[in-house]
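Report on the following structure.
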Amino acid sequence: QVQLQAFGGGLVQPGGSLRIACVGSGFRFDDYAIMWFRQAPGKEREGVSCISRRPEIGIYYSDSVKGRFTISRDDAKNTLYLQMNGLKPEDTAVYYCATERADRCYAATWNLVSRMDYWGKGTLVTVSS
């Protein structure tokens with residue numbers, strides 16, 4: 001049974017930092033590209049970042065987080081990370097990890113919700129003073 005579980009969310013002040021993580025099980029985690037998505041209240045789910053099976057193949061970020069967020073993975077621990085710096089109130093959202101069972105992120109489609117095969121339970125990040 002494929003499972004993805006995000007954790008590590010919380011309340012952080014504007015300008016602060018937070019690292020969230022996602023643990024996968026029930027599939028060959030190291031075979032696949034893994035993505036972060038987020039969904040803010042009243043808004044559609046959007047792609048945040050994607051890391052390929054081998055990061056040197058490709059990593060992508062949405063324009064809204066580029067330069068502030070860093071995605072990484074530790075396949076020995078079946079864990080995906082998202083280091084978030086310079087957080088803004090508009091980063092407030094539930095963050096989800098997902099995979100489309102491809103070995104790499106594709107520039108044209110990595111952030112398409114409809115292409116994902118598996119979703120994890122999300123973790124809430126709130127940026128507020």
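Because only heavy atoms are used, hydrogens play no part in the values below, and waters and symmetry mates are left out as well, while side chains stay in.
Contact of the Glu46 side chain with the Arg38 side chain is registered, since non-hydrogen atoms from C-beta on lie closer than 4.5 Å. Phe7 has its side chain out of reach of Ile20: every pair of non-hydrogen atoms, C-beta onward, lies at least 4.5 Å apart. At a threshold of 4.5 Å between non-hydrogen side-chain atoms, the residues Phe29 and Thr99 do not count as touching. Within the 4.5 Å cutoff, side-chain heavy atoms of Leu4 are placed close to those of Phe27. Looking at Gln83 and Ser17, their side chains come closer than 4.5 Å, going by heavy atoms from C-beta outward. Counting heavy atoms from C-beta on, the side chains of Thr92 and Val125 never come closer than 4.5 Å. Contact of the Lys121 side chain with the Gln3 side chain is not registered, since no non-hydrogen atoms from C-beta on lie closer than 4.5 Å. When side chains are defined from C-beta on, Tyr106 does not count as touching Tyr60, because their heavy atoms never get closer than 4.5 Å.
Nearest heavy atom pair, residue Ser52 against residue Cys105, reads OG-N, 3.0 Å. In this structure, Ser128 and Pro14 approach most closely via the heavy-atom pair C-CD, 3.6 Å. Taking every heavy atom of both residues into account, Trp110 and Ser49 meet most closely at CZ3-N, 3.3 Å.
Taking a cutoff of 4.0 Å between a charged side-chain nitrogen and a carboxylate oxygen, Arg53 and Asp30 do not qualify as a salt bridge. Electrostatic pairing of Lys77 and Asp75 does not count as a salt bridge here, judged by no charged N lying under 4.0 Å from a carboxylate O.
Using a 3.5 Å distance cut-off with no hydrogens or angles, the side chains of Ser62 and Ser64 do pair a donor with an acceptor.
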Stepwise side-chain contact (heavy atoms from CB on, under 4.5 Å) check, Leu82 with Tyr95: CA-CA 10 Å; Leu82 187 67; Tyr95 284 72; 4.2 Å; yes
Where do Tyr61 and Ile71 land on the side-chain contact (heavy atoms from CB on, under 4.5 Å) test, with the steps shown first? CA-CA 9 Å; Tyr61 297 96; Ile71 192 171; 3.5 Å; yes
Could you go step by step and tell me if Asp91 and Arg68 meet the salt bridge (charged side-chain N to carboxylate O under 4.0 Å, His left out) rule? CA-CA 11 Å; Asp91 294 319; Arg68 299 187 297 122; 2.8 Å; yes
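Distance check: Ser25 OG to Gln5 CD gives 9.5 Å after rounding to the nearest 0.5 Å. Between the CD1 atom of Ile59 and the SG atom of Cys50 there is a distance of 9.0 Å, given to the nearest 0.5 Å. To the nearest 0.5 Å, atom CG of residue Leu124 and atom CG of residue Leu11 are 9.0 Å apart. Rounding to the nearest 0.5 angstrom, the gap separating the CG atom in Leu112 from the CE atom in Met35 is 9.5 Å.
Take Arg54 and apply the salt bridge (charged side-chain N to carboxylate O under 4.0 Å, His left out) test, not counting sequence neighbours, and it matches Glu56. Remark: Asp74 engages no residue in a salt bridge (charged side-chain N to carboxylate O under 4.0 Å, His left out) (not counting sequence neighbours).
The cluster map of Ile, Leu, Val, Met, Phe, Trp and Tyr, joined by side-chain heavy atoms under 4.5 Å apart, puts Trp36 and Val2 in the same cluster. Put simply, Val48 and Ile51 are part of the same group of oily side chains (I, L, V, M, F, W, Y) that touch within less than 4.5 Å, one to the next. The cluster map of Ile, Leu, Val, Met, Phe, Trp and Tyr, joined by side-chain heavy atoms under 4.5 Å apart, puts Val23 and Ile34 in different clusters. Two different hydrophobic clusters hold Phe37 and Leu18 under the rule that ILVMFWY side chains link at heavy-atom gaps under 4.5 Å. Residues Met116 and Tyr118 do not share a hydrophobic cluster, clusters being chains of Ile/Leu/Val/Met/Phe/Trp/Tyr side chains in contact below 4.5 Å.
Using bins of under 30°, 30° to 60° and over 60° for the plane-to-plane angle, the ring pair Tyr96/Trp119 lands in the perpendicular bin.
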